[in-house]
Amino acid sequence: MKTVFSPLHSRRHVKTELDGGLLIEPHEKPSRAETILARVRDQALGEILEPEEFGLEPIKRVHTDDYLTFLETCWDDWVADGKRGEIIPTFWIGRGMRHRLPKDIDGRVGYFSLGADTSISEGTWEAARASANVALTAQKLVADGERAAFALCRPPGHHAHADLFGGYCFLNNAAITAQAFRDQGYERVAVLDVDFHHGNGTQAIFYHRSDVLTISLHGDPDLVFPHFLGFDDEIGEGEGEGFNLNIPYPPNTPYSVWSQGLETACERIAQFQPEALVVALGVDTFEEDPISFFKLTSADYLSLGQRIEKLGLPTVFTMEGGYDVDAIGVNAVNVMQGFEGKR
Ligand code: OKP
Ligand code: MG
Ligand code: ZN
C-alpha cells in the first residue's frame, strides 16, 4: 500500500496544551507522524509519496470561507494585537448569546473553536493545509485505481466542523476526502471512524445528507471528549435520517466487545453499498494510550485491518489520533498490514 506523507506536518509544533489548569506539552506532537513514517519504511509497506497541491477548492467544499480566512490569518492578527503567548481560546458563545462574528481577535478565536485544548502558533495553517493535501493525494491514488492508500495526516481532522477547530483538528481530512469522491461522481461514500474519540466534525458536516454515511465507534461522550456529541440517538436529520450511526463504549472495552460494534458498522456499510470508504484511523483505542480508556492490543489492529478489507471497497485511511508514541507506528501500520492479509 502506498503512503502519502508531508514533512510540512512539522510546521505545527505548538508548545502548549491547556489540560487540568496546566499548560502541558501537547499530546498531538510531531514525533507521532515521524514514528509512523519510520515504521512504514521499516516494514517496507510500499512507496512513500509527497502530496500534490490541490488548492483551497476541495477544502471549501467542506469548510466555510470565513473560517478558512480566519485560520490563515489568525496567528498574524494575534501577534499584531500584541499577545505574547500562543493562541488559546478564552471566550465562547454562551447559551442565549449571539452567533455573530466579531472583529476582535479573542472574539474570533472563540467564534471558530470548540475547546481550549488546541493552541495555535506560527505554521499551524501550513501544516493543516499540507495534511489536507496528503488526504486528497491518497484520494486521487484510489480514484486512479489503487485499492487502498494510507494518508499519513498530521494534524488530524475528525473533530473539525465546517467552521470550528478543536480536539487538535483544523481541517477535516476525512470529510474533505469523502466529499472529493462525491465530486468525482462516486454516488455514495461511507466514513468509518475508528478513532477512540467521536468524529463530531465529520458527523456534523454530513448530518443532513444521505449520500455520505457516517459511523463512529468511540468512548462514551458522557465520560470523555467531545462531551456534547456522539450519543447513540443521533441518527441524522431530514434527508440524512438513518445515515449517521454512533457506537459508544464504556471504559476498559476490549477488542472482543469493540469488534462487535465494528461488525455492526461493517454490516451497515455493506447495506449502504458505497462506492468508496474513508477510514478515520485513530489508534488511541490502544490499551496504553495516555488519554483514552479502551483496551485494544497491537495484534488487534491486524484484525481491524482484515475486517475493513473484507468490505471489498476502494479505501482511503486518514490518520487521526494515537498518543502512545512508542506504539503508534506498530499499531497504525498493523492496520495496513492486516488489510493486506497479514495475520
Ligand atoms: C483528538 B483525536 C486530554 C485532553 C483531550 C481532546 C482530545 C482530542 C483527541 N486531557 N483533548 O480524536 O485523537
Ligand atoms: Mg471514533
Ligand atoms: Zn482520538
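Numbering of ligands and ligand atoms starts at 1, following listing order. What you see is a predicted model; the values in this text were computed from it and never measured.
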For this session: Please test Tyr301 against Val283 for side-chain contact (heavy atoms from CB on, under 4.5 Å), starting from the C-alpha separation and ending with a verdict.
Result: CA-CA 8 Å; Tyr301 294 102; Val283 293; 3.8 Å; yes
Mark up the atoms of ligand 1 that fall under 4.0 Å of a heavy atom belonging to [X], in ascending order.
{"X": "Gly321", "answer": "13 (O)"}
{"X": "Tyr323", "answer": "1 (C), 2 (B), 9 (C), 13 (O)"}
{"X": "His158", "answer": "2 (B), 12 (O)"}
{"X": "His159", "answer": "1 (C), 2 (B), 9 (C), 12 (O)"}
{"X": "Asp195", "answer": "2 (B), 12 (O), 13 (O)"}

Any side-chain donor-acceptor pair under 3.5 Å between [X] and [Y]?
{"X": "Arg182", "Y": "Gln179", "value": "no"}
{"X": "Glu187", "Y": "Gln273", "value": "no"}
{"X": "Thr16", "Y": "Glu86", "value": "yes"}
{"X": "Asp284", "Y": "His197", "value": "yes"}
{"X": "Glu320", "Y": "Asn173", "value": "no"}
{"X": "Asn244", "Y": "Glu234", "value": "no"}

For this session: For a ring pair (Phe, Tyr, Trp, His ring centres under 6.0 Å) with His159, tell me which candidate from Phe225, Tyr168, Phe165 qualifies.
Result: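 Of the listed options, the one satisfying the test is Phe225.
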Problem set entry | Phe196 contact mode with ligand 1 (heavy-atom cut-off under 4.0 Å) |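 It is neither; nothing of Phe196 touches ligand 1.
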Exercise. Tell me, which N, O or S atom in Asp284 is closest to the Zn ion (ligand 3)?
Worked result: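 Answer by atom name: OD2.
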Give yes if a backbone or side-chain nitrogen or oxygen of [X] is under 3.5 Å from a nitrogen or oxygen of ligand 1, and no if not.
{"X": "His27", "answer": "no"}
{"X": "Glu17", "answer": "no"}
{"X": "Glu320", "answer": "no"}

Problem set entry | Vertex the Mg ion (ligand 2), rays to O in Asp195 and OD1 in Asp193 - rounded to 10° | 100°
For this session: If you have a sec, read the angle at the Mg ion (ligand 2) from His197 atom O over to Ser216 atom OG, to 10 degrees.
Result: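 About 100° at the Mg ion (ligand 2).
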Identify the closest protein heavy atom to [atom]: which residue and atom is it, and at what distance?
{"atom": "atom 5 (C) of ligand 1", "value": "Tyr168 OH, 3.6 Å"}
{"atom": "atom 3 (C) of ligand 1", "value": "Asp19 OD1, 3.6 Å"}
{"atom": "atom 11 (N) of ligand 1", "value": "Asp117 OD2, 3.0 Å"}

Problem set entry | Under 2.8 Å: N/O/S of Glu320 next to the Mg ion (ligand 2) |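 It does not: Glu320 brings no N, O or S atom closer than 2.8 Å to the Mg ion (ligand 2).
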For this session: Taking both backbone and side-chain atoms into account, decide whether Leu217 has an N/O/S atom under 2.8 Å from the Mg ion (ligand 2).
Result: yes
Exercise. Between Thr202, Thr64, Asn200, Val62, which is the residue that forms a side chain to side chain contact (heavy atoms under 4.5 Å, CB included) with His161?
Worked result: Asn200
Exercise. Do you reckon Leu281 sits in the same ILVMFWY cluster as Val191, going by side-chain contacts under 4.5 Å, direct or chained?
Worked result: no
For this session: Report, rounded to 10°, the angle at the Zn ion (ligand 3) between the two atoms OD2 (Asp195) and ND1 (His197).
Result: 160°
For this session: Find the distance between CG (Asn334) and CG (Leu304) and round it off to the nearest 0.5 Å.
Result: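 Between Asn334 CG and Leu304 CG, I get 10.0 Å after rounding to 0.5 Å.
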